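Working notes, beginning with the structure itself.
Treat the numbers as computed from the prediction; the structure is a model and nothing was measured. Basis for what follows: all heavy atoms, side chains included, without hydrogens, waters or symmetry-related copies. Chain letters run A, B, ... following the sequence lines, proteins first, then strands; residues in each count from 1.
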2 protein chains.
Amino acid sequence: MPHDHAHDRPDAALAKAIDKLRAHDLRVTEPRKAMLAILVQEHGPFSAEELHGKLRAKECDVVTVYRSLQAMEEIGVLRRCDFGDGTYRYEFNHGEHHHHHIICRTCRSVHTLDLCVADSLERLARQMGYQNVSHTLEVFGTCPSCAAK
Amino acid sequence: MPHDHAHDRPDAALAKAIDKLRAHDLRVTEPRKAMLAILVQEHGPFSAEELHGKLRAKECDVVTVYRSLQAMEEIGVLRRCDFGDGTYRYEFNHGEHHHHHIICRTCRSVHTLDLCVADSLERLARQMGYQNVSHTLEVFGTCPSCAAK
DNA sequence: TTTCGTGCAAAACCTTTGCAAAGTG
DNA sequence: CACTTTGCAAAGGTTTTGCACGAAA
């Protein structure tokens, strides 16, 4: 095979995610498939409400979106982002490829930073005896276009 | 003068914080003084409810705690932490000395990491034209004693 | 068929807001 | 005195829960 960066082919990434659902004894339902399809293509992190809005014509209840997002985050298919504004956002977890965001304090736009500097901190935590170590890192600022105004 | 690490002397740190309130035209009230006194001594980050519980015998309403925490965070006297559990926590801001936390997913204990690795990310954000750049970085894991069980 | 997911409604939770009274500079 | 802060109650917004019905394996 060439490379298996699910990242590169949306369909493959989606299939992989669905396999992961089955592997964790989670049912592959219509709402979940619809949610994943959106999250694979539009990579920006979305809140439950936002994602529900993108599901054509009320494909399911918002509560189902909340429950599915949580379930899929727990098995590592999604990643939860916290921008400190009281709303959780989720994005598709493209494997080990870790990245972060810059969030504009004014217009709330999100820019992806394709690198991670927290590996050393995670290593330190493991040395201290912590297990299942993870982290959240978000950068905030006023984006160029908001600053211009 | 020797060194002016307000960090070293609780009273000095508190006095400095109170000066900062006045400098920003915020009133120095009993609730605020009481809250600061606690936050200067017990450095762990506290939620509004937790802090209110520490104020002896209902010194003020919880709403006042919420409002004061927010006001003091805005002028840089406090720092707001977000551990991703839906509750904001605040800690005294000891100057430029930036640090982070390891939060146990099980017992919610908080351990302070006295270093910061995100400077390069902030620098990058500034190079991209962002202004007033800041960040949040928290590490999560299962602490040694919880892992043992 | 057995187990899990869903919809609806209602609750829970943390945080914010409105307004009159009280406190600060 | 002018202005901010407080208390109380009530609202706000997001997320969670209970339970009967429906869907997946």
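- One finds no side-chain N or O of A:Thr87 lying less than 4.0 angstrom from the OP1 or OP2 phosphate oxygen of D:dG13.
- If you take CD of B:Glu49 and C1' of C:dC13, they are 10 Å apart, rounded to a whole angstrom.
- For D:dT6, the base has no donor-acceptor partner in the side chain of B:Arg67 [N/O atoms by modelled type, under 3.5 angstrom].
- Look at NE2 on A:His52: it is 15 Å from C1' on D:dT14, rounded to the nearest Å.
- Residue A:Glu59 contributes atom CD, which lies 10 Å from atom P of C:dG7 at whole-angstrom precision.
- B:Arg32 comes within 4.0 angstrom of sugar-phosphate atoms only, judged by non-hydrogen atoms across all strands, and of no base.
- Nearer to the 5' terminus of DNA chain C, by closest-nucleotide assignment, is the contact made by B:Ser47 (compared with the other of B:Ser47 and B:Leu26).
- Contacts of B:Gln70 with the nucleic acid, taken as non-hydrogen atoms under 4.0 Å apart, involve only primed sugar atoms and P, OP1 or OP2.
- Of the side-chain N and O atoms in A:Ser68, one or more sit less than 4.0 angstrom from OP1 or OP2 of C:dT6.
- One can place CD of B:Glu74 at 11 Å from P of D:dT5, the figure rounded to the nearest angstrom.
- Note on B:Glu122 versus B:Arg126: salt bridge recorded, some NZ/NE/NH1/NH2 to OD/OE distance being below 4.0 Å.
- Considering only side-chain N and O atoms, B:Arg27 lies nowhere under 4.0 angstrom from the phosphate OP1 or OP2 of D:dC3.
- A:His99 NE2: more than 12 foreign heavy atoms inside a 6.0 Å radius.
- Following rounding to the nearest Å, A:Met35 (CE) and C:dG5 (P) show an atom-to-atom distance of 13 Å.
- Using a 4.5 Å heavy-atom threshold, the side chains of B:Glu74 and B:His24 count as separate.
- Contact check for B:Glu138 versus B:Asp82: no side-chain heavy atoms found under the 4.5 Å cut-off.
- Panel note: side chain B:His100, backbone B:Leu137; a donor-acceptor pair is recorded below 3.5 Å.
- Residue A:Ile18 contributes atom CD1, which lies 13 Å from atom P of D:dA24 at whole-angstrom precision.
- For B:Tyr66 and C:dT15, the shortest distance from a side-chain N or O to OP1 or OP2 is below 4.0 Å.
- Residue order along DNA chain C, read from the 5' end via each residue's closest nucleotide, puts B:Gly86 first among B:Gly86 and B:Glu30.
- Counting to the nearest Å, the C1' atom of C:dC13 and the CZ atom of B:Arg89 are 13 Å from each other.
- Side-chain N/O atoms of B:Thr29 include one lying less than 4.0 angstrom from OP1 or OP2 on D:dT6.
- Checking C:dC8, D:dG7, D:dT15 against the side-chain heavy atoms of A:Val63 singles out C:dC8 as nearest.
- Spacing between atom CZ of A:Arg22 and atom P of C:dC4 amounts to 16 Å, rounded to whole angstrom units.
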